[in-house]
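To keep things clear, I will list the structure first and then write my remarks on it.
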Amino acid sequence: MRHIWADDDSQATGQCDSTDFVDDTPNQAAKSESDCNVTINSCSAESPFWGAIDPPDMVENYMDYSADACMTMFSKGQKARMYSFLNTDPARVAIKTSPAGCNNITVAVKELYTNFNDYIFVYPNPANDVLHINVTKFTPQNLNCEIYNSNGQLVKALKHLDFQNTVNLSELANGMYVVKVYNSEVNAIKKITIAK
Ligand SMILES: [Ca+2]
Ligand SMILES: [Ca+2]
């Protein structure tokens, strides 16, 4: 997406002949200078989108160079332009199916083997009566959980974990425990303390 002043910034005033290819962002002769001048109107020749209206520069737009505190919005036209690129541009279409930051997308097997321990969050630690086990960035497929005490004895077992799971620890004594989350392909080990 282009800057709202269409990168046509020669510091000359009144230069309003470039476009960011978005109709609902008013034409703008130059970038804002890290300020928040909400009344500046550097161009009066607007796209037909605006009809007879001559809006001021959209200094609230993230694609200006306003002060950070001033920037609060993208326009609907910018949103449509972003979607258009994300949906059709060969270099960007893969972003929609990237595993980064999305819970319900199966990650590549190699990455999954390497980083699975980072996808499992066990808290609080130390724990009291309840332990939460969260699975992130990975669709739980036949994931199981086993909790072992410091003598290596299995004291708790859960099957078919979901993204968010709660384990009742009320009958377990204080001490160190190992939480194992696994299926036939991956394996995560977490150490916790129970302190009541
Ligand atoms: Ca525009
Ligand atoms: Ca204007």
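Residue numbers start at 1 and run along the sequence shown. All values below were derived from every heavy atom in this structure, side-chain atoms included, with hydrogens, water molecules and symmetry-related copies excluded. In listed order, ligands and their atoms are each counted from 1.
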Give a yes/no answer: is there an N/O/S atom of Val22 under 3.0 Å from the Ca ion (ligand 1)?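 A backbone or side-chain N, O or S atom of Val22 is under 3.0 Å from the Ca ion (ligand 1).
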
Thr25 backbone or side-chain N/O/S under 3.0 Å from the Ca ion (ligand 1): yes

Please tell me whether Asn168 and Thr166 have a donor and an acceptor in their side chains that are separated by less than 3.5 angstrom.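 On atom types as modelled, these side chains do not qualify, holding no pair under 3.5 Å.
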
Assess, by modelled atom type and distance only, whether the side chains of Asp54 and Asn41 contain a donor and an acceptor separated by less than 3.5 Å.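 Short answer, yes.
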
Can you tell me which N/O/S atom of Asp20 has the shortest distance to the Ca ion (ligand 1)?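 Relative to the Ca ion (ligand 1), the closest nitrogen, oxygen or sulfur of Asp20 carries the name OD1.
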
Is Asn41 close enough to the Ca ion (ligand 2) to have an N, O or S atom under 3.0 Å?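 True for Asn41.
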
Strictly under 3.0 Å, is any N, O or S atom of Ala45 next to the Ca ion (ligand 2)? no

For atom CG of Asn142, is the number of surrounding heavy atoms from other residues, nucleotides or ligands below 6.0 Å larger than 12?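 No.
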
Around atom NZ of Lys196, are there more than 12 heavy atoms of other residues, nucleotides or ligands at under 6.0 Å?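 Yes, because the 6.0 Å sphere around NZ of Lys196 holds more than 12 heavy atoms from other groups.
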
Restricting to N, O or S, what is the name of the atom of Glu46 that lies nearest the Ca ion (ligand 2)? OE2

As a test of reading the structure, name the N/O/S atom of Asp54 that is nearest the Ca ion (ligand 2).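 For Asp54, the N, O or S atom at the smallest distance from the Ca ion (ligand 2) is OD1.
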
Check whether the ring centres of His3 and Tyr65 lie less than 6.0 Å apart, and answer yes or no.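 For His3 and Tyr65, the ring centres are under 6.0 Å apart.
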
Rounded to 10 degrees, the angle O of Cys43 makes with O of Pro55 at the Ca ion (ligand 2):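 With the Ca ion (ligand 2) as the vertex, the angle is close to 160°.
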
Would you check, one step at a time, whether the test salt bridge (Lys or Arg N to Asp or Glu O under 4.0 Å) holds for Lys159 with Glu146? CA-CA 9 Å; Lys159 292 201 177 302; Glu146 292 174 350; 5.9 Å; no

